[in-house]
Amino acid sequence: MSAATWWRSAVIYEVYPRSFADASSDGVGDLSGLRQRLDYVAALGVDGVWLTPIQRSPQVDQGYDISDYRDVDPLFGDLDELDALLAEAHARGLRVLLDIVPNHTSTQNPAFQAALDAGPGSPERDLFHFRDSPHGPNVPPNNWVSVFGGPAWHRANPGSTTDQQWYLHLFSPAQPDWNWDNPAVTEHFDQILRFWFDRSVDGMRIDVAHGLFKAPGLPDSPAVPTVIDGLRSNPLAMDQEAVHEVYRRWRKLAEEYDPPRLLVGEVNLEPDRAARYTRPDEMHQCFAFAFARLGWDAAAWVDAGHRLEQGRSESGAEPGWAVENHDLVRVVSRYGGGDRGVRRARAALVALLGLPGAVYLYQGQELGLPEVDVSLAKRADPMWASGGVSRDGARIPLPWTVSTSGAHGFTTDGVEPWLPVPEGWGELSVERQNGDPSSSLTLTRHALALRKELYGSGVLSAHDKGAWEHRPDGSVVCSRTSGVQVMVAMGDQPVALPDGELLLASAPLTTDGHLPPDTAAWVRSRD
Ligand code: GLC
C-alpha cells in the first residue's frame, strides 16, 4: 500500500493514556508508560495508535477539556516525552494520531478567562457563545440540553447584576463551545494543527467533528433533545453546512505535509450524513458509528453495513470500522456478557478485521475485557454526575500481569490506580493470555498478521467493496469483491460455511465443519 493511501485499510489501536501504563507512579497512565509498552503495541501488528487527548487540561472530562492545545499535560509527561514517543513509534513502523478538540475548550483556557474578565459585548467574548437571555437572568437563552445532561448554558458570572450573560456548552459547564463564526478561531486551529504536524504527528482524530457551528441565532430546538443522544437529536447544534469548509481547509493544510497528515472524524451521525464529511476534499475517514452502536443483532448489522457501503460509494472513503472506544460499553458486556459475550466479542473482532476499510481497536479489546461496574463513589466521568450515565466501566486500567501487584502491572505496588481494577482482572492480563493458543490476545495477533499477509499478497484489496446479506440461517455475510467472504453466525444454530478455503475462524468449527453460533469466519472462494 502506498504511503499516500495507507489509511484506507489501516488498523489503528486507540490508546486511552490514563489507563494504559503508569510509569510515574501517580496512579494515572502516562506517555512514559506507553513508551515502555510500545513493543507490545507493535507486536499486535497494528499500523498505528490514536491517543485520546494528552494536551494540557484540568481533566474535568478526562482531557476533552483542553486549556492549552499546544502543550502536553504534566499528568502525561511533556513535549520532549512526546517527541521521544513519536521517534520510538516511527522506528517501529507505527504511526501516531493525536486527538484534537475543536468544538469546545476548557473554562481554564486563558482565552475564556479573558472573555469572562472582558465582559459583555467585548471581542474576547465573541470567541465563544455568550448571550443575554430574552427570558431574564434565571432562564437560559434557549432550550438546548447538554450532551452530559442539564441545560447547555451556564451563567458567566453567577449572581452578578451587571453581567447577566450565559455561555453555551454542549458538554459539561467546564467545556465552553468556541464560536466558529469568528475567523480568529479558524486561525487558532490552523496554528494548532501545524504545531503538531510540524512535530511529525501523523494525523488527528477530530472530536465531535460534526459540531463546531450552530444554527444562526441559536433558536430553540423544536424537540427537546435527550441526554447523550443530544448531539444526534438536536440538529440545530450540529451538522451545519458551514462545518464542511473547515475540513476542506484542514485537508489542504494536511496535504502540505509529506507524507500528508491524516484526518479522522468522530462524526456521530447516520451514514448518509456522515459520508458528506469524507468527500474527497474533506477528511480522509470517519468512524462507522452506525455500526459501533449496535448490539448482537443480525438485521441491524446488515442494515448498517448497507448504508455505510452506500455512503462509501458516494464519498469514496472506506469506513473506519469500530465497535468499541472509551465512550461505549465494552462489547463483551454489550453482546450479552459471560462466556457468550466473550465468544461474540471475538467474533466481532474477526468480523471487523475482515471488512473492507480501516479498523479502530480500543485498548483491551484484544484481551476481551468486559465492562466494569465501578462503585458509585469512584465514578470519575462528568456525565455520571449530570446525566446519570458513567463511561468509566470501559476505562479501567489494563491488566498487564497476573499478580495483583501494582494493580496488575499497571502502576507501582502500593499506588492506587485512578479507577479501581476489579477482582480477577489478572486472569484477563497480557501475561496470562500471552502464548495461550486459545486466548483473545493470540486470536487478535493472528488475525492481524493474516490480514497483513492477505493485503500484502493481493488476496484482499483496499478498494474492495462489500455486499451485505442477512441469510435465512441467521448468519450475516459480507462478500468482498476480491472473493473473500466474512460470515458471522448470529443465529442459535450452526451454519454451513460458504464454499471455499477457510482462512480464519474466531472459534473451532463443529465436528461436521459448520460455523457454530456466535462465531465469525473468513472464507476465500476458489476460482
Ligand atoms: C467525544 C469524546 C468524549 C468526550 C466528548 C466531549 O465524544 O469521545 O469522550 O466526552 O467528545 O469532548
Side-chain angles (χ1 to χ4, degrees), residues 12 14-20 50-67 69 73 97-109 112 128 144-150 152 154 168-178 180 189 192 204-212 214 225 227-234 237-239 243 264-269 274 277 283 286-290 292-293 320 322-330 360-363 371 379-396 418-419:
I12 307 280
E14 176 190 353
V15 173
Y16 193 70
R18 299 180 73 88
S19 296
F20 194 70
W50 146 38
L51 273 54
T52 57
I54 52 156
Q55 295 89 339
R56 206 175 263 270
S57 158
Q59 304 288 326
V60 173
D61 187 18
Q62 326 304 8
Y64 282 97
D65 48 320
I66 297 179
S67 55
Y69 286 82
D73 196 280
L97 310 185
L98 295 187
D99 213 315
I100 188 165
V101 185
N103 180 71
H104 47 267
T105 180
S106 156
T107 45
Q108 296 310 309
N109 188 323
F112 188 78
F128 306 92
W144 295 5
V145 172
S146 141
V147 177
F148 287 173
H154 201 74
L168 178 71
H169 59 87
L170 290 188
F171 292 86
S172 80
Q175 293 163 294
D177 282 44
W178 290 107
W180 275 86
F189 275 90
I192 294 164
M204 287 289 179
R205 176 265 190 190
I206 306 163
D207 188 65
V208 196
H210 54 311
L212 284 63
K214 281 76 186 160
V227 179
I228 302 164
D229 193 37
L231 263 191
R232 276 178 285 139
S233 60
N234 184 357
M238 46 104 203
D239 200 25
V243 76
V264 181
E266 186 205 25
V267 180
N268 202 343
L269 296 172
Y277 288 74
M283 45 179 95
C286 62
F287 302 122
F289 271 109
R293 289 193 295 263
V323 289
E324 289 202 359
N325 68 31
H326 63 283
D327 296 328
L328 299 170
V329 174
R330 293 271 193 191
Y360 289 80
L361 299 178
Y362 175 45
Q363 69 178 44
E371 185 79 1
R379 292 184 184 178
D381 183 4
M383 201 171 190
W384 170 245
S386 56
V389 173
S390 157
R391 298 168 294 179
D392 295 305
R395 300 174 176 180
I396 307 299
W418 75 283
L419 284 177

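Counting starts at 1 for both ligands and their atoms, following the listed order. Counting begins at 1 with the first residue of the sequence. Because only heavy atoms are used, hydrogens play no part in the values below, and waters and symmetry mates are left out as well, while side chains stay in.
- Here is the list of ligand 1 atoms found below 4.0 Å of a heavy atom in Phe171: 5 (C), 6 (C).
- Taking the six-membered ring for Trp and thresholds of 30 and 60 degrees, Trp178 and Phe128 have nearly parallel ring planes, at less than 30 degrees apart.
- Pairing each heavy atom of His210 with each of Glu266, the nearest pair is ND1-O, 3.4 Å.
- No donor-acceptor pair closer than 3.5 Å links the side chain of Asp65 to the backbone N or O of Ala174.
- Here the straight-line distance linking atom CD of Glu14 with atom CZ of Phe287 works out to 7.0 Å at 0.5 Å rounding.
- Counting heavy atoms from C-beta on, the side chains of Gln62 and Trp418 come closer than 4.5 Å.
- For the pair Gln175 and Phe112, the minimum side-chain heavy-atom distance is 4.5 Å or more.
- Contacts between Tyr16 and ligand 1 below 4.0 angstrom, taking non-hydrogen atoms only, are absent altogether.
- Within the listing of ligand 1, atoms 6 (C), 12 (O) sit less than 4.0 angstrom from a heavy atom of His104.
- Within the listing of ligand 1, atoms 9 (O) sit less than 4.0 angstrom from a heavy atom of Arg395.
- Contact check on Asp61 versus Arg391 returns a salt bridge, with a Lys/Arg side-chain nitrogen under 4.0 Å from an Asp/Glu carboxylate oxygen.
- Residue contacts with ligand 1, taken as heavy atom pairs separated by less than 4.0 Å, do not involve Met383 at all.
- Those atoms of ligand 1 with a heavy atom of Arg391 less than 4.0 angstrom away are 3 (C), 4 (C), 9 (O), 10 (O).
- Using 4.0 Å as the threshold, Arg205 has a heavy atom nearer than that to some atom of ligand 1.
- Listed by number with element, the atoms of ligand 1 under 4.0 angstrom from any heavy atom of Val208 are 11 (O).
- With a 4.0 Å heavy-atom cut-off, ligand 1 is reached by no atom of Gln62.
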